[in-house]
Amino acid sequence: MRIPFHFLKPFERLVAPPNLFPYVGLSPTSIISPSISINILHTKSNTKTALQISSLLQGCTHLNRLKLVHAKIIVHSLQHDSHLSTKTAILYVTFHCIDSANLLFRKILDPCTYLWNILLRGYATEGRFLQALKLYNKMIGARVKPDKFAFPFALKSCAGLSALQTGKQIHQHLICCGCSNDLFVDAALVDMYSKCGDVEAARLVFDKMAVRDLVSWTSMISGYAHNGYNGETLQFFDLMRYSDVKPNRVSLLSVLLACANLGALRKGEWFHSYVIQTGFGSDILVATAVMDMYAKCGSLELSRHLFDQTLGKDVVCWSAMIASHGMHGHGRKAIDLFGQMVEQDVKPNHVTFTCVLSACSHSRLLEEGQRYFKSMSNEFGIVPKLNHYACLVDLLGRAGKLLEAETLIESMPIEPDTSIWGSLLGACRIYGNLDLGERVADKIFHLDPTQAGYHVLLSNIYAAKSRWVDVERVRELMAGRGANKIQGFSLIEFNNQVFKFGVGDRSHPQSKKIYSYLEELAAPMRHLGYVPLTDFVLHDIEDEAKEVALSYHSEKLAIAFGLINTNPGIPIRITKNLRICGDCHSAIKFISKIVNRIIIVRDMHRFHHFENGACSCGDYW
DNA sequence: GTAGGGTTAG
């Protein structure tokens, strides 16, 4: 959700040097405020009751008790006593009843900064970010100077909403309030910029920090990991250790994520042993991250082995394992896991269902998927969200039921977004349905014309039918809209390093060797029946040139590099940032047979295990 | 009185 730029009140209102907030503190309004007047008018017995109630509030350890004391305040007509109301409101926040706290807060005439902060923290930690920012705005409107306790929560709310512009405004506010150079505020700034996707800004804040503790380091490391700066994540983790800051469970989660993103199995194994050595092996969060890392690095076996040994598995751990089996094309096993999870009284959540439905989709389990979709609301009381519908559309689409998928989209109770139509467009590409594909693409471009991936899908449909004029038209449309195609690349880990290959990449020192290796493979591949699938080249060029263009796709270059540099029998593991190309998929099947190697390719959606001329996905992806 | 956090479609 984007917060409009004008969401916050103009900052000029805050800038009133030399005293920024003349009305805070010795304010003339507070001297004549009604709450104070009422306190003055209290009779002796009233004061006594107020004191008694105050001590009762002190002993409130349960919500019900608090409600009783609150009733007592009303019965004794003490609801205008700001001290009692403040105390009551704070206790309501403690018991997660922010709305009750807010009702009380609104009746307090001159709430103290502490109460503003407590309420702001309440909204922010409960994930009610918009309300938190509204409160922050109101705070400024009331000329209450936000302090170092307010900013971390205001910034956390911006982070939660990915509201970069608002976050930048608050950054300015805190500088003017003299709150920069605070350990907590700066860590929150690093986190806000990272979660809004501006890692460079996060780094600038980090670099300016005079003192950094474990949380500041972890905020930066986590920012790198979640924004795909995987190399930096690992480097920063080392830097942190060299700075004598001892990693904890949270910092370990980030490095494990980076290994998973890179598909760096050896590095991931090293971190697994580090996790065990440092005593975090039985931590369910860390253990889940290790399992996820193994699965995403292509080793479902290691991941499952660890899972079976782990005690106290929660819903996230189960969901991660279900997702891993789904990603590797083991739909039946994913379903089995779901059954075991329910049997063990672990309640599935909406993410679990996304994992189950996606697993069904990757394994052609149409009926099962439809059944689980229905059971979500019928048996588990979970209302399907957009991504569940996207899975169902994908499931129907891949099964060739394109019209059924379209009807589903049109009858959905939620407004479909580009991802829903995108699932259907993907199915149109698989089945070469140009009519529907054009209609669907129209809807997508109407909703968001800037996404390159959907333009590529549409142009693939045209290319498959040799409609080169239309291919060129879509390409121009794409360029005109500034929707630039994401460059495809493939990663391979070797010798404790991750190597990256782009299309037609010649930057690697072994480049010559790699290209000649692929040329050598061409003859035996053809002999076994490989025919280049030239639909996957967008240009209207001669067939021979298309073949050449295809043979240097990043996945083939990475595989050739792996085959040249590793011994027979060692599986080759590749990670690709986009969906694997159809021609490469076919070529790798032949390569696996010729060189007698297992080749495991992770693309942006799933795993492909190539062995002896076949792929685990059964050509269904 | 405050911060960083494991699973998720296409």
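A, B, ... follow the sequence lines: proteins, then strands. Residue 1 opens every chain.
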Across the strands shown, which category fits [X] at heavy-atom distances under 4.0 angstrom: base, sugar-phosphate, nothing?
X: A/K156; answer: sugar-phosphate
X: A/S219; answer: sugar-phosphate
X: A/Y114; answer: base
X: A/D314; answer: base
X: A/L214; answer: base
X: A/K313; answer: nothing
X: A/D182; answer: nothing
X: A/D394; answer: sugar-phosphate
X: A/A320; answer: sugar-phosphate
X: A/S358; answer: sugar-phosphate
X: A/K195; answer: sugar-phosphate
X: A/D213; answer: base

*Say you draw a straight line from SG of A/C112 to NE2 of A/H83; how long is it, rounded to the nearest 0.5 Å?*
10.5 Å
*asked:* Test: ring pair (Phe, Tyr, Trp, His ring centres under 6.0 Å). Region: residues 395-429 of chain A. Which pairs qualify, not counting sequence neighbours?
replied: none
*Within residues 284-294 of chain A, find the residues that approach DNA chain B with a heavy atom at under 4.0 Å, and present them sorted by residue number.*
A/I284, A/L285, A/T288, A/D292
*In residues 404-417 of chain A, what residues come within less than 4.0 Å of DNA chain B, judged by heavy atoms?*
none
*Quick one: salt bridge (Lys or Arg N to Asp or Glu O under 4.0 Å) partners of A/E406, sequence neighbours excluded?*
A/R439
_Opening and closing nucleotides of DNA chain B in contact with chain A, under 4.0 Å to non-hydrogen atoms_ = B/dG1 to B/dG10
_According to salt bridge (Lys or Arg N to Asp or Glu O under 4.0 Å), does anything in residues 205-219 of chain A pair up with another residue at least two apart or in another chain? List the pairs._
A/R203-A/D207
_Basic-acidic side-chain contact under 4.0 Å: A/K576, A/D603_ = no
*Give a yes or no on whether a salt bridge exists between A/K156 and A/E126, defined as a side-chain N under 4.0 angstrom from a carboxylate O.*
no
Results of ring pair (Phe, Tyr, Trp, His ring centres under 6.0 Å) for [X] - residues two or more places apart only:
X: A/H171; answer: A/Y193
X: A/F445; answer: A/H455
X: A/Y224; answer: A/Y229, A/F236
X: A/F149; answer: none

Contacts table for residues 341-349 of chain A: side-chain donor-acceptor under 3.5 angstrom, sequence neighbours left out:
residue	atom	partner	partner atom	Å
A/N349	OD1	A/V351	N	3.0
A/N349	OD1	A/T352	N	2.9
A/N349	OD1	A/T352	OG1	2.8

Below 3.5 Å, can you tabulate the donor-acceptor pairs from side chains in residues 180-192 of chain A to any protein atom, sequence neighbours excluded?
residue	atom	partner	partner atom	Å
A/D182	OD2	A/F184	N	3.0
A/D182	OD2	A/V185	N	3.0
A/D186	OD2	A/N181	N	3.4
A/D191	OD1	A/K195	NZ	2.7
A/D191	OD2	A/K195	NZ	3.1

